[in-house]
Asker: 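Handing you a structure now.
We name chains A, B, ... by the order of the sequence lines, and we start the count at 1 in each one.
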2 protein chains.
Amino acid sequence: MPARTGRPPKISRADIVAAAHRVIEEDGVEGLTMRRLAREVGSTAMALYHHVRDKEELLLLLLDDYAAGMPRPQTLPEEPREQVIAVATAMRETLSGCPWIVDVLRADDLLSVGALWYPEKIIDAAVRAGLTTEEAVDAYRVIWHYTAGVIVGRAAARRRRAEGGTTYRERVFAELDAEEFPRLAELGRRWEELTAKDTYDKGLRALVAGLMPEENRWP
Amino acid sequence: MPARTGRPPKISRADIVAAAHRVIEEDGVEGLTMRRLAREVGSTAMALYHHVRDKEELLLLLLDDYAAGMPRPQTLPEEPREQVIAVATAMRETLSGCPWIVDVLRADDLLSVGALWYPEKIIDAAVRAGLTTEEAVDAYRVIWHYTAGVIVGRAAARRRRAEGGTTYRERVFAELDAEEFPRLAELGRRWEELTAKDTYDKGLRALVAGLMPEENRWP
DNA sequence: GTTACTTTCTATACATGTATAAAACTCTTC
DNA sequence: GAAGAGTTTTATACATGTATAGAAAGTAAC
């Protein structure tokens, strides 16, 4: 009954987000422009800005929607450290799956509401492993930073490979001064091959081992 | 004696990079536009594109220049694990110091030539700690991803704080469902305070401990 | 010197995100 | 029902990165 005054809205945030999903599905994330999106909802580009602060917020909403709808691991290992690993891995997989993530990841430690499940579970497991609340938050943030770095880095690598831009790198390694950089020179062009490997799990396990000491072992 | 043919160039890559440094010093990185840069070198925007593929490459060159000229730790700890930590910390400090880094970090595992010193030293120390070459590269990449994630994340946090955009986050935490997210709800608005902390070192040490086992201890 | 060729530079154009101002629409109050 | 107030939408405009086409300025061949 508050009976809103003012011109009645033609579109809503939800409309916009839904339309954005359609556009992305149809034309990919690079096809998602404000004008195209406006056409999709039957309005003008600037009208969108009354429902969304800027494009970055739109992408965040999109991510929220996406993350909220993603399947989560049904059964988690009971042992806290293994549970952290399982949740972080799921988080990474979910986020890697949406291509516009890279433009949003500048949004530091916390994701949107729809993705809160991940920090909750990680912090919970960390506490159960014997950390204080503060330590658990630290652990989560460290894991988050690592995960974000991996996602961004690997997205960049994929893009570079797609563009065939290996040349610059090859040149760098070809012209390496073996005096100054013996290790890198020795690696030579095996670098490309070695860095194609997915080392997320390796780093994650190292982090968990280092952050959550064995002492208070479960149970 | 190759006696180059064609119209003689009026500007060079080096000119451009130098001018870019001046512009950044004067107007900050947000003032660095192709047109402004062109004016600074006394040419047109499009002329730049004969010396630089795109703006991202320009930023990479800039970073290269910057990183090459940065002071490096004069004396490193001899113990390999401590050395890795010292080098990674220096890398992080150097990179955090240049504000445009965030727009470049999508360039995954390796930086530009001027910054090769860091991977070289880290890989070297890792090998001396007893890792195989492959393992050492893995270790470097893991550390790199973590470092990149921290840099991007903290830059975003700083920006958000500067814009006073805490509101969205506060709302999220205020409306948290304590049933679904007990840990986060318990944290309440301490989140802001807890996540202001710099946990780079903590995570770095965890990584190093996890990646470079104690067994083959130095000596 | 004229022609061909190569490289660099200039002019123009376009798509994009978004600022700003004005217009349209609805409810409330008289 | 006319005037006012509050919202949302539209129109227009601008800065930005960059594509494209062609002009300018040099060397090499004749």
Asker: Spell out, as yes or no, whether a donor-acceptor pair under 3.5 Å connects the side chain of A:K55 to the backbone of A:L32.
Answerer: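 Checked: pair present.
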Asker: Under 3.5 Å, side-chain donor or acceptor atoms of residues 88-97 of chain B against the rest of the protein: list the pairs with distances, not counting sequence neighbours.
Answerer:
{"from": "B:T89", "atom 1": "OG1", "to": "B:I85", "atom 2": "O", "distance (Å)": "2.7"}
{"from": "B:R92", "atom 1": "NH1", "to": "B:D198", "atom 2": "OD2", "distance (Å)": "3.0"}
{"from": "B:R92", "atom 1": "NH2", "to": "B:D198", "atom 2": "OD2", "distance (Å)": "3.3"}
{"from": "B:T94", "atom 1": "OG1", "to": "B:A90", "atom 2": "O", "distance (Å)": "3.1"}
{"from": "B:T94", "atom 1": "OG1", "to": "B:Y118", "atom 2": "OH", "distance (Å)": "3.0"}
{"from": "B:S96", "atom 1": "OG", "to": "B:R92", "atom 2": "O", "distance (Å)": "2.8"}

Asker: Considering all heavy atoms of both residues, which atom of B:T195 and which atom of A:R141 are nearest to each other, and what is their separation?
Answerer: O-NH2, 2.8 Å
Asker: If the condition is salt bridge (Lys or Arg N to Asp or Glu O under 4.0 Å), which residues does B:D65 pass it with, not counting sequence neighbours?
Answerer: none
Asker: Would you mind building the protein contact string for nucleotides 1-7 of chain C? One character per nucleotide, 5' to 3', B for base within reach (heavy atoms under 4.0 Å), S for sugar-phosphate only, - for untouched.
Answerer: -----BB
Asker: Would you kindly give the CZ-to-C1' distance between B:R13 and C:dT8, to the nearest whole Å?
Answerer: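 The distance from CZ of B:R13 to C1' of C:dT8 comes to 15 Å, rounded to the nearest Å.
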Asker: Can you check the A:R39 CZ to D:dT10 P distance for me, whole Å?
Answerer: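 So the CZ-P distance, A:R39 to D:dT10, works out to 15 Å.
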Asker: Using the salt bridge (Lys or Arg N to Asp or Glu O under 4.0 Å) criterion, which residues pair with B:E57? Sequence neighbours excluded.
Answerer: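 B:E57: salt bridge (Lys or Arg N to Asp or Glu O under 4.0 Å) contacts with B:R13, B:R53.
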Asker: Return the residues of residues 20-32 of chain B meeting this criterion: a heavy atom under 4.0 Å from some atom of DNA chain D. Order them by number, or give none.
Answerer: B:L32
Asker: Identify, with sequence neighbours excluded, every residue that meets side-chain contact (heavy atoms from CB on, under 4.5 Å) alongside A:A19.
Answerer: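 Only A:R22, A:L37, A:E40, A:V41 meet the side-chain contact (heavy atoms from CB on, under 4.5 Å) criterion with A:A19.
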Asker: Can you sort out the partners of A:Y66 under ring pair (Phe, Tyr, Trp, His ring centres under 6.0 Å), two or more places apart, ordered by chain and number?
Answerer: A:W100
Asker: Taking side-chain contact (heavy atoms from CB on, under 4.5 Å) as the definition, give me every residue that meets it alongside B:E120, ordered by chain and number, with sequence neighbours left out.
Answerer: A:F181, A:P182, A:R183, A:L184
Asker: Partners of A:D103 by salt bridge (Lys or Arg N to Asp or Glu O under 4.0 Å), sequence neighbours excluded?
Answerer: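 In terms of salt bridge (Lys or Arg N to Asp or Glu O under 4.0 Å), with neighbours along the sequence ignored, A:D103 is linked to B:R106.
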Asker: Could you state the atom-to-atom distance from CD of B:E56 to C1' of D:dT16 in whole Å?
Answerer: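 To the nearest whole Å, that distance equals 16 Å.
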Asker: Examine C:dA24: is either OP1 or OP2 under 4.0 Å from a nitrogen or oxygen in the side chain of A:K10? Give yes or no.
Answerer: no
Asker: Pull out every residue in residues 40-49 of chain A that has a heavy atom closer than 4.0 Å to any atom of DNA chain D, ordered by number, or say none.
Answerer: A:S43, A:T44, A:M46, A:A47
Asker: To the nearest Å, how far apart are B:R53 CZ and D:dT18 P?
Answerer: 10 Å
Asker: In chain order, what residues pass the salt bridge (Lys or Arg N to Asp or Glu O under 4.0 Å) check against B:K202, with sequence neighbours excluded?
Answerer: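 Expected list: A:D138.
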Asker: Given atom CG of B:L37 and atom P of D:dT16, what is their separation to the nearest angstrom?
Answerer: 12 Å
Asker: To the nearest Å, how far apart are A:I11 CD1 and C:dC25 C1'?
Answerer: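 Taking CD1 of A:I11 and C1' of C:dC25, I get 15 Å after rounding.
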Asker: Expressed as a whole number of angstroms, how long is the span from A:D15:CG to D:dT8:P?
Answerer: 14 Å
Asker: Grab the CE-C1' distance between A:M34 and C:dC14 for me, whole Å please.
Answerer: 19 Å
Asker: Can you sort out the partners of A:K10 under side-chain contact (heavy atoms from CB on, under 4.5 Å), two or more places apart, ordered by chain and number?
Answerer: none
